[in-house]
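Have a look at the structure below before the remarks.
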Amino acid sequence: MRFIHFEEIDSTNLEARRLAEEGQTGPVWISADAQTVGKGRRGREWVSKTGNLYCTGLYLHPEDLASAARLSFVAAIALAETLEQYIDPDLISIKWPNDVLVDGKKIAGILLESGTSGDKLWIAIGMGVNLMHHPENTERPATHLLEHIKIEQMTGPEPIFTGNRPVLATLAARFDHWRDIYLTSGFADIKKAWAERAMGLGETVTARLSNREIVGLAMGLDDDGALRMKLENGEIEKIHAGDVFFSPTAL
Ligand code: BTN
């Protein structure tokens with residue numbers, strides 16, 4: 001595995017795109033201590049001050065774009081497993097589609113981008129992990145890793161947490177592990193590993209779509225990565241894009 005690290009960069013996703021457009025195909029992991037134009041989903045900014053991990057894995061993807069999109073679930077599992085090395089696994093959950101939460105608060109985000117180079121499809125899996133700090137005044141509560149590590153774990157001869165590079169090493173290895181499973185055995189194992197950590201399956205959720213809101217029971221992932229929701233009338237609706245909220249309203 002190749003790693004390239006920058007003290008500061010515009011965005012590791014943008015660097016991945018530049019490399020791909022130059023004809024580099026990876027696999028390579030690009031990381032930075034800080035980003036000047038960190039990008040979040042839906043055109044939002046990802047505040048990227050020193051102390052956290054900002055990284056992007058560039059890979060060729062041997063299958064189609066729909067299959068590439070499901071790598072975001074692979075990334076979420078890899079992120080959850082990486083955090084498990086540091087903190088109580090019971091605190092960690094994944095909220096559909098791929099927000100990773102600790103104690104119900106967002107600790108990491110994933111931005112997957114793709115393009116073609118010749119006839120080859122490349123993907124850039126960007127991940128931001130709050131290690132030392134988290135942004136304030138976010139739409140939803142956020143947290144960071146150090147907030148959940150006990151003082152005894154940091155003050156011994158081998159402190160458990162020593163910065164962003166070891167976190168990236170684990171994350172890249174866990175991503176590769178689950179990507180191999182995905183490419184050799186398909187999405188079923190990924191669905192299972194995702195569901196084991198998913199927040200709120202079997203519970204009532206409200207999905208805010210672009211033009212309406214629906215309320216239903218969160219049932220699990222469909223084969224295409226959509227969230228299956230059971231509506232009050234018993235019908236199953238598949239949510240492909242939108243924000244999911246857990247609501248106290250019982251059906
Ligand atoms: C989200 O909005 O939840 C996704 C955030 C993704 C942020 C990461 S940080 C590393 C990589 N480079 C970027 O510019 N964005 C992603």
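All ligand and atom numbering here is 1-based and tracks the order in the structure. Computation of the quantities below employed the complete heavy-atom set of this structure, encompassing side-chain atoms and omitting hydrogens, waters and symmetry-equivalent molecules. If you're wondering where the values come from, they're calculated on a predicted model, not measured in any experiment.
- Contact atoms of ligand 1 toward Cys55: 10 (C), 11 (C) (distance under 4.0 Å to a heavy atom of the residue).
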Show me the donor-acceptor pairs within less than 3.5 Å that the side chains of residues 113-124 make with the rest of the protein, sequence neighbours left out.
unit_1	atom_1	unit_2	atom_2	d
Glu113	OE1	Lys39	NZ	3.2
Glu113	OE2	Asn13	ND2	2.7
Glu113	OE2	Lys39	NZ	3.3

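- Screening Lys105, Arg140, Lys106 for a salt bridge (Lys or Arg N to Asp or Glu O under 4.0 Å) with Asp99, the sole residue that qualifies is Lys106.
- Among protein heavy atoms, atom 2 (O) of ligand 1 sits closest to Arg41 N, 2.7 Å.
- With a heavy-atom cut-off of 4.0 Å, Ile110 touches ligand 1 through its backbone alone.
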Run the side chain to side chain contact (heavy atoms under 4.5 Å, CB included) test on Val129 and Leu83 for me, step by step, so that the C-alpha distance in whole Å, both residues' side-chain angles and the decisive distance to 0.1 Å come before the verdict. CA-CA 10 Å; Val129 191; Leu83 296 170; 4.3 Å; yes
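- In this structure, the side chains of Asn164 and Asn52 stay at 4.5 Å or more apart for every pair of heavy atoms.
- No side-chain donor-acceptor contact under 3.5 Å links His134 to the backbone of Leu145.
- In summary, the side chains of His5 and Asp33 do present a donor paired with an acceptor at a separation below 3.5 Å, with no hydrogens or angles considered.
- Checked against a 3.5 angstrom limit, the closest N/O atoms of Trp46 and ligand 1 fall outside it.
- Of all the atoms in ligand 1, the ones that sit under 4.0 Å from a non-hydrogen atom of Thr12 are 10 (C), 11 (C), 12 (N).
- At a heavy-atom distance under 4.0 Å, no atom of Arg44 approaches ligand 1.
- Within the 4.0 Å heavy-atom criterion, neither part of Ser48 lies near ligand 1.
- Distances below 4.0 Å separate heavy atoms of Lys106 from the following atoms of ligand 1: 1 (C), 3 (O).
- In terms of polar-atom proximity, Tyr54 is not counted as a contact of ligand 1, lacking any N or O under 3.5 Å from an N or O of the ligand.
- Within ligand 1, the atoms closer than 4.0 Å to a non-hydrogen atom of Gly38 are 14 (O), numbered from 1 in the order shown.
- A salt bridge does not link Glu21 to Arg18: none of the charged side-chain nitrogens sits closer than 4.0 Å to a carboxylate oxygen.
- Numbered from 1 in the order shown, with element, the atoms of ligand 1 that lie under 4.0 Å from a heavy atom of Thr56 read 11 (C).
- Between Tyr182 and His61, the ring planes lie parallel to each other; the angle is under 30°, not in the 30° to 60° tilted range.
- Protein heavy atom at the shortest distance from atom 12 (N) of ligand 1 is Gln35 OE1, 2.9 Å.
- The backbone N or O of Arg228 lies less than 3.5 Å from no partner atom in the side chain of Asp222, so there is not a single donor-acceptor pair.
- Ligand-side atoms of ligand 1 in range of Ser11: 12 (N), 13 (C), 14 (O), range being under 4.0 angstrom from any heavy atom.
- The environment of CD in Glu7 is sparse: at most 12 heavy-atom neighbours from other residues, nucleotides or ligands sit within 6.0 Å.
- Contact annotation for Arg42 and ligand 1: no heavy atom of the residue comes within less than 4.0 Å of the ligand.
- Atoms of ligand 1 found under 4.0 Å from any heavy atom of Lys39 (numbered from 1 in listed order, with element): 5 (C), 6 (C), 7 (C), 13 (C), 14 (O), 15 (N), 16 (C).
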